[in-house]
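These notes are about the structure you will find just below.
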Number of protein chains: 2
Amino acid sequence: MDRTREAAAEREFTLLLDDQLCFALYAASRAVTSRYRPLLDDLGLTYPQYLVMLVLWQHGAVPIKDVGAALQLDYGTLTPLIKRLEAAGLVRRERSARDERTVHVNLTEEGDRLRDRARDVPPAIGAAMNLSPEETKAAMTLLRRLADNVSADLARHA
Amino acid sequence: MDRTREAAAEREFTLLLDDQLCFALYAASRAVTSRYRPLLDDLGLTYPQYLVMLVLWQHGAVPIKDVGAALQLDYGTLTPLIKRLEAAGLVRRERSARDERTVHVNLTEEGDRLRDRARDVPPAIGAAMNLSPEETKAAMTLLRRLADNVSADLARHA
DNA sequence: CACATTTAACTTGTGCACGATGTAATCGTG
DNA sequence: CACGATTACATCGTGCACAAGTTAAATGTG
């Protein structure tokens, strides 16, 4: 097969599963989450709960709105999730005195202590991914650009 | 900052959200699925349903087991999903005569016709992603390797 | 200051994901 | 050929995601 036809084939969009970047992305995301599961089970967290804890460990008390902005998740997801974290004793929800609409999420002592146990998670995942530092960095850059591109395109078509 | 410290920093694993490749992956996957949503709404499909239809358009009648193997999804996900496709009139579920345990999923006329309307979806997504052919190919390769690596690592630790 | 608008959060409903459990059909081995 | 193991699928329960609608507080404008 000559090079011209190959190049053209790359831009031909098919309905074959293995041609879809979206499927590789979807499958990789679920595979990585599955690898997290046993590690997070030990901490009593699900993967989305872990992400919320990352935000809190990094920023301390934040309004739910800011958690949503950081993780690109809406209240329909976060409200029940954070209530489960509260039931687990890891966070407290407190209405702001200055603005009665906003609810601040605070770490409890136990939630703060969990951070130390969580430090082993990123290295374990890093080892499981088994990518070079360059590949990791390239993947991160590309995935961010991809997310930005499709989000911008969605906004344009809305 | 000298190069040694930079290189070391790349391998230092933090709990900062923006250092996590997993989050970039998770966010990108959801962003892409969101971009699919309006396109698939027109076809009356969700994104996972679209993936099942891709398998059927490609292979025709297949056991549910094979759909699961192709998409890495279990029966708990597929059984109700395929029943919804059946309720929508796109597929038929038929028990095999040779092996009464297996259920073959067949396209109906309507399900087959939907393929023509679906042909516009991959180009639209391709345009929204806005990556060069090289980047797309590189991303696909890297994401597959990532999924393989973490799955293998999970199997090892199980 | 009244009042329409906006904002932060909650609620409800649908549809994945996935672990755990159950069941019937088939297979493998003695 | 008996019978324990395996296989294909279904069911149930929990926890996301996300759209749509609701409520109450804050804001802006006449």
Side-chain angles (χ1 to χ4, degrees), chain A residues 23 26-38 40-41 44-53 61-69 71-88 91 93-105 147 151 154 158, chain B residues 23 26-38 40-41 44-53 62-69 71-88 93-105 147 151 154 158:
Chain A
F23 175 63
Y26 165 78
S29 179
R30 285 190 302 118
V32 168
T33 302
S34 291
R35 186 60 191 84
Y36 267 98
R37 207 177 316 279
L40 296 181
D41 278 351
L45 294 174
T46 65
Y47 179 67
Q49 288 169 9
Y50 170 70
L51 293 179
V52 170
M53 293 303 285
V62 285
I64 297 183
K65 173 183 161 58
D66 291 6
V67 178
L71 302 180
Q72 299 291 327
L73 288 170
D74 71 1
Y75 293 107
T77 301
L78 288 175
T79 295
L81 187 158
I82 292 172
K83 283 185 177 177
R84 280 187 286 271
L85 288 178
E86 186 173 41
V91 307
R93 289 157 8 93
E94 285 166 8
R95 246 171 222 285
S96 165
R98 263 188 306 151
D99 186 337
E100 290 275 337
R101 293 172 302 177
T102 87
V103 172
H104 289 275
V105 189
S151 298
L154 180 61
Chain B
F23 175 64
Y26 165 79
S29 180
R30 285 190 301 118
V32 169
T33 302
S34 291
R35 186 60 191 84
Y36 268 97
R37 207 177 316 278
L40 296 182
D41 278 351
L45 295 174
T46 64
Y47 178 68
Q49 288 170 9
Y50 169 71
L51 293 180
V52 170
M53 294 302 286
V62 286
I64 298 185
K65 173 183 160 57
D66 292 5
V67 178
L71 303 179
Q72 299 290 326
L73 289 170
D74 72 1
Y75 294 106
T77 301
L78 288 176
T79 295
L81 186 158
I82 292 173
K83 284 185 176 176
R84 280 187 286 269
L85 288 178
E86 186 171 40
R93 290 155 9 94
E94 285 166 7
R95 253 179 214 281
S96 165
R98 265 186 308 150
D99 186 338
E100 291 276 338
R101 292 172 302 178
T102 87
V103 172
H104 290 275
V105 188
S151 297
L154 180 60

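In what follows, chains carry the letters A, B, and so on, assigned in the order in which the sequence lines appear, proteins first and then strands, with residues in each chain numbered from 1.
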NA contact type, [X], heavy-atom cut-off 4.0 Å: base, sugar-phosphate, or nothing?
| X | value |
| --- | --- |
| B:L81 | sugar-phosphate |
| B:D74 | base |
| A:T102 | sugar-phosphate |

Checklist entry - For DNA chain D, whose closest nucleotide is more 5', that of B:D99 or that of A:Y47? => result B:D99
Between [atom2] on [N] and [atom1] on [X], what's the gap in Å once rounded to a whole number?
| X | N | atom1 | atom2 | answer |
| --- | --- | --- | --- | --- |
| B:L78 | C:dA17 | CG | P | 10 Å |
| A:I82 | C:dA8 | CD1 | P | 14 Å |
| B:L85 | C:dT14 | CG | P | 17 Å |
| A:Y50 | D:dC16 | OH | P | 15 Å |
| B:Y36 | D:dC18 | OH | C1' | 19 Å |
| A:L45 | D:dT14 | CG | C1' | 15 Å |
| B:R84 | D:dT11 | CZ | P | 13 Å |
| B:L73 | D:dA8 | CG | C1' | 16 Å |

Checklist entry - Are any side-chain N or O atoms of A:D74 and backbone N or O atoms of A:T77, one a donor and one an acceptor, separated by less than 3.5 Å? => result yes
Taking 4.0 Å as the cut-off, does a side-chain nitrogen or oxygen of [X] come that near to OP1 or OP2 on [N]?
| X | N | value |
| --- | --- | --- |
| A:T77 | D:dA17 | no |
| A:Q49 | D:dC16 | yes |
| B:S34 | D:dC18 | yes |
| A:R93 | C:dA9 | no |
| B:K83 | C:dG15 | no |
| A:R30 | C:dC18 | yes |
| A:R98 | D:dA25 | no |

With respect to the side chain of [X], which nucleotide from [options] is positioned closest?
| X | options | result |
| --- | --- | --- |
| A:Y75 | C:dC16, C:dA8, C:dT26 | C:dA8 |
| A:E100 | D:dC16, C:dT11, D:dA25 | D:dA25 |
| B:R101 | C:dA24, D:dA17, C:dG15 | C:dA24 |
| A:R37 | C:dC18, C:dC10, D:dA26 | C:dC18 |
| A:T46 | D:dA10, D:dG15, C:dA25 | D:dG15 |
| B:K65 | D:dA17, C:dA9, D:dC9 | D:dC9 |

Next on the checklist: Test side chain to side chain contact (heavy atoms under 4.5 Å, CB included) on A:M53 and A:V91; report intermediate values, then the result.
Outcome noted: CA-CA 9 Å; A:M53 293 303 285; A:V91 307; 4.1 Å; yes
Checklist entry - Do A:V67 and A:L51 come close enough that some side-chain heavy atom pair is under 4.5 Å? => result no
Checklist entry - For the residue pair B:Y47 and A:F23, what are the closest heavy atoms and their distance? => result OH-N, 3.7 Å
Item to check | Least distance between heavy atoms, B:A28 atom then A:A147 atom | outcome: CA-CB, 3.9 Å
Next on the checklist: If you assign A:D66 and A:T33 each to the DNA chain C nucleotide with the nearest heavy atom, which residue ends up on the more 5' nucleotide?
Outcome noted: A:D66
Checklist outcome for this item: Applying side-chain contact (heavy atoms from CB on, under 4.5 Å) to B:V103 and not counting sequence neighbours gives B:I64, B:R93, B:R95
